[in-house]
2 protein chains.
Amino acid sequence: MPTRTGRPPKISRADIVAAAHRIMRDEGTQGLTMRKLAGEVGTTAMALYRHVRDKDELMQLLLDDYAAKVARPELSGDLDPGERVVAAAVAMRDALIGVPWIVEVLRADDMMSVHALWYPETIIDAAVRSGMPREAAVDMYRIIWHYTAGEITARAAAARRREDERPTYRAAVFANLDPAELPNLAALGERWEELTARDTYETGVRAIVRGLLAAHSTAM
Amino acid sequence: MPTRTGRPPKISRADIVAAAHRIMRDEGTQGLTMRKLAGEVGTTAMALYRHVRDKDELMQLLLDDYAAKVARPELSGDLDPGERVVAAAVAMRDALIGVPWIVEVLRADDMMSVHALWYPETIIDAAVRSGMPREAAVDMYRIIWHYTAGEITARAAAARRREDERPTYRAAVFANLDPAELPNLAALGERWEELTARDTYETGVRAIVRGLLAAHSTAM
DNA sequence: ACCTGAACACCGTTCAAGT
DNA sequence: ACCTGAACACCGTTCAAGT
């Protein structure tokens with residue numbers, strides 16, 4: 001058994017990740033800086049680089065750590081395949097709704113961390129059981145993912161905007177609509193604010209699933 | 001007629017916006033800094049603040065300028081309402097595909113600049129003509145918008161990733177899948193890369209439209 | 001009225017030196 | 001082996017001074 005030599009560590013990866021989660025929760029992606037994180041952990045910014053290659057690796061660590069903690073919801077066994085897809089998508093959205101920064105980190109990968117591959121697996125599995133070829137099932141997953149990522153991002157941005165005091169650019173635009181050119185928007189007027197605050201996520205996934213299943217059975 | 005006094009301007013808002021567009025095109029949102037922009041225009045960073053309140057206002061200017069230049073596609077008159085929605089959504093996606101930074105700027109507003117309100121108007125109008133109440137038509141527009149924003153962002157990120165040399169995190173994940181736990185993903189294996197490169201945007205909007213129209217006629 | 005230089009309060013990251 | 005201080009090459013923005 002090799003004896004470790006040298007100075008014993010003051011901080012650990014786990015300390016860093018835990019502190020980073022707290023900052024992310026309280027101040028968002030913007031608020032997470034290496035210097036502030038170091039302060040939270042109780043060292044200097046430079047010490048962090050002993051434990052983490054760079055900020056990108058830290059984000060990946062954060063993602064994996066969160067994904068590992070997300071519980072797998074039990075999907076009731078008597079759902080038909082389409083409803084299983086909807087239930088899995090809603091669960092995925094629920095897992096992301098409090099942590100919109102994750103969507104930024106995920107970016108292009110069309111998927112979450114290793115620990116969250118359960119979501120695509122379930123969605124693809126249910127789609128296949130509904131009679132789709134596996135390729136079409138992957139398309140369904142990706143379409144749902146793009147929709148989910150877009151919805152989460154818009155929701156987070158709307159929440160940020162509501163915290164802002166300044167009058168929205170949007171309000172100014174709606175005050176000056178030409179009803180001749182944009183009759184529907186002008187007719188909606190002040191109701192736009194209220195209508196766009198509604199949670200239509202599930203309506204959307206359900207439409208995607210229904211629409212894709214219908215398209216597939218027509219094509220047969 | 002009041003005489004203007006003082007030093008004549010060396011640069012204009014138009015110069016600034018034009019230079020900013022070039023930088024955005026060549027280097028993306030990351031590349032646009034006030035100092036670099038000033039260099040491109042031929043002044044100092046601080047001179048920009050005579051013409052633009054701050055970087056946020058500059059982004060809004062950029063957005064409006066681009067939106068004003070986007071041509072309205074003529075939608076053939078003999079499309080049924082559902083196909084009109086699809087055509088408008090595809091046109092909206094096409095207008096955004098080369099300028100993904102716009103989606104970042106738009107953030108929460110669920111819509112583009114004043115000059116691009118034509119898109120929601122057309123989509124809502126077609127949805128209403130297909131027999132939906134206006135509220136449901138707004139929902140349809142928002143669902144399509146979230147899907148579109150998510151797709152554009154993922155597409156841009158995928159393009160960036162392809163430019164990177166380093167082996168993708170995703171590749172490492174797929175090499176170590178447990179087929180017992182994730183049978184579908186394991187079966188897909190190397191095909192994942194190829195399958196997720198496919199353009200499924202139109203399939204997605206079409207499904208959304210079909211699904212929402214079906215849900216509405218069922219409910220009646 | 002417009003532009004400039006110096007400065008402020010930040011970033012992520014590197015590197016040589018300390019323990 | 002780990003941590004620290006000083007430093008580098010950046011940010012957006014302000015402010016007093018110049019033309």
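Just the heavy atoms: all of them, side chains too, but no hydrogens, waters or symmetry mates, feed the values below. Numbers restart at 1 for each chain; the letters A, B, ... are given by sequence-line order, proteins then strands.
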*Salt-bridged, E27(A) to R160(A), with N to O below 4.0 Å?*
no
Can I get a per-line list of side-chain donor-acceptor pairs under 3.5 Å for residues 9-18 of chain B, giving both atom names and the distance, sequence neighbours left out?
{"from": "S12(B)", "atom 1": "OG", "to": "A14(B)", "atom 2": "N", "distance (Å)": "3.3"}
{"from": "S12(B)", "atom 1": "OG", "to": "D15(B)", "atom 2": "N", "distance (Å)": "3.1"}
{"from": "S12(B)", "atom 1": "OG", "to": "D15(B)", "atom 2": "OD2", "distance (Å)": "3.3"}
{"from": "R13(B)", "atom 1": "NH1", "to": "H51(B)", "atom 2": "O", "distance (Å)": "3.0"}
{"from": "D15(B)", "atom 1": "OD2", "to": "S12(B)", "atom 2": "N", "distance (Å)": "3.1"}

*DNA chain C contacts made by residues 43-50 of chain A, counting heavy atoms under 4.0 Å*: M46(A), Y49(A)
*What pairs of residues pass the salt bridge (Lys or Arg N to Asp or Glu O under 4.0 Å) test when at least one of them lies in residues 147-159 of chain B, not counting sequence neighbours?*
R93(B)-E151(B), E151(B)-R155(B), R155(B)-D199(B)
*asked:* Expected output check: what is the dot-bracket annotation of DNA chain D, where ( ) and [ ] are pairs inside the strand (brackets for crossing ones), | is paired with another strand, and pairs are Watson-Crick or G-U under 3.5 Å?
replied: ||.|||||...|||||.||
*Apply side chain to side chain contact (heavy atoms under 4.5 Å, CB included) to A207(A) and list each qualifying residue two or more places apart in sequence or on a separate chain.*
L212(B)
*Sequence neighbours excluded, which residues qualify as side chain to side chain contact (heavy atoms under 4.5 Å, CB included) partners of D26(A)?*
none
_The criterion is side chain to side chain contact (heavy atoms under 4.5 Å, CB included); which residues satisfy it with A187(B), sequence neighbours excluded?_
R134(A)
*Once you round it to whole Å, what is the distance between P of dC11(D) and CD1 of I23(B)?*
11 Å
*Starting from P on dT13(D), measure out to NZ on K55(B) and report it in whole angstrom.*
8 Å
Can you give each donor-acceptor pair under 3.5 Å made by side-chain atoms of residues 39-48 of chain A, sequence neighbours left out, with the distance rounded to 0.1 Å?
{"from": "E40(A)", "atom 1": "OE2", "to": "R22(A)", "atom 2": "NE", "distance (Å)": "3.3"}
{"from": "T44(A)", "atom 1": "OG1", "to": "A47(A)", "atom 2": "N", "distance (Å)": "3.4"}

*asked:* List the residues meeting side chain to side chain contact (heavy atoms under 4.5 Å, CB included) with E135(B), not counting sequence neighbours, and say none if there are none.
replied: R191(A), L195(A), R198(A), P133(B)
_Those residues that, when tested against T29(B), pass side-chain hydrogen bond (donor to acceptor under 3.5 Å, both in side chains) (two or more places apart)_ = E104(B)
*Selection: residues 27-42 of chain B, any non-hydrogen atom under 4.0 Å of DNA chain D*: L32(B), T33(B), M34(B), R35(B)
*asked:* Can you see if the side chain of H51(B) gets near the phosphate of dC3(C) - specifically, an N or O under 4.0 Å from OP1 or OP2?
replied: yes
*Which ones in residues 9-18 of chain A lie close to DNA chain D, meaning a heavy atom under 4.0 Å from one of its atoms?*
P9(A), K10(A), I11(A)
*Within the distance-only criterion (no hydrogens, no angle test), does the side chain of D125(A) pair as donor or acceptor with the backbone N or O of V128(A) below 3.5 angstrom?*
no
*Kindly assign one of parallel, tilted or perpendicular to the pair Y201(B) and Y147(B), based on the angle between their ring planes and the thresholds 30° and 60°.*
parallel
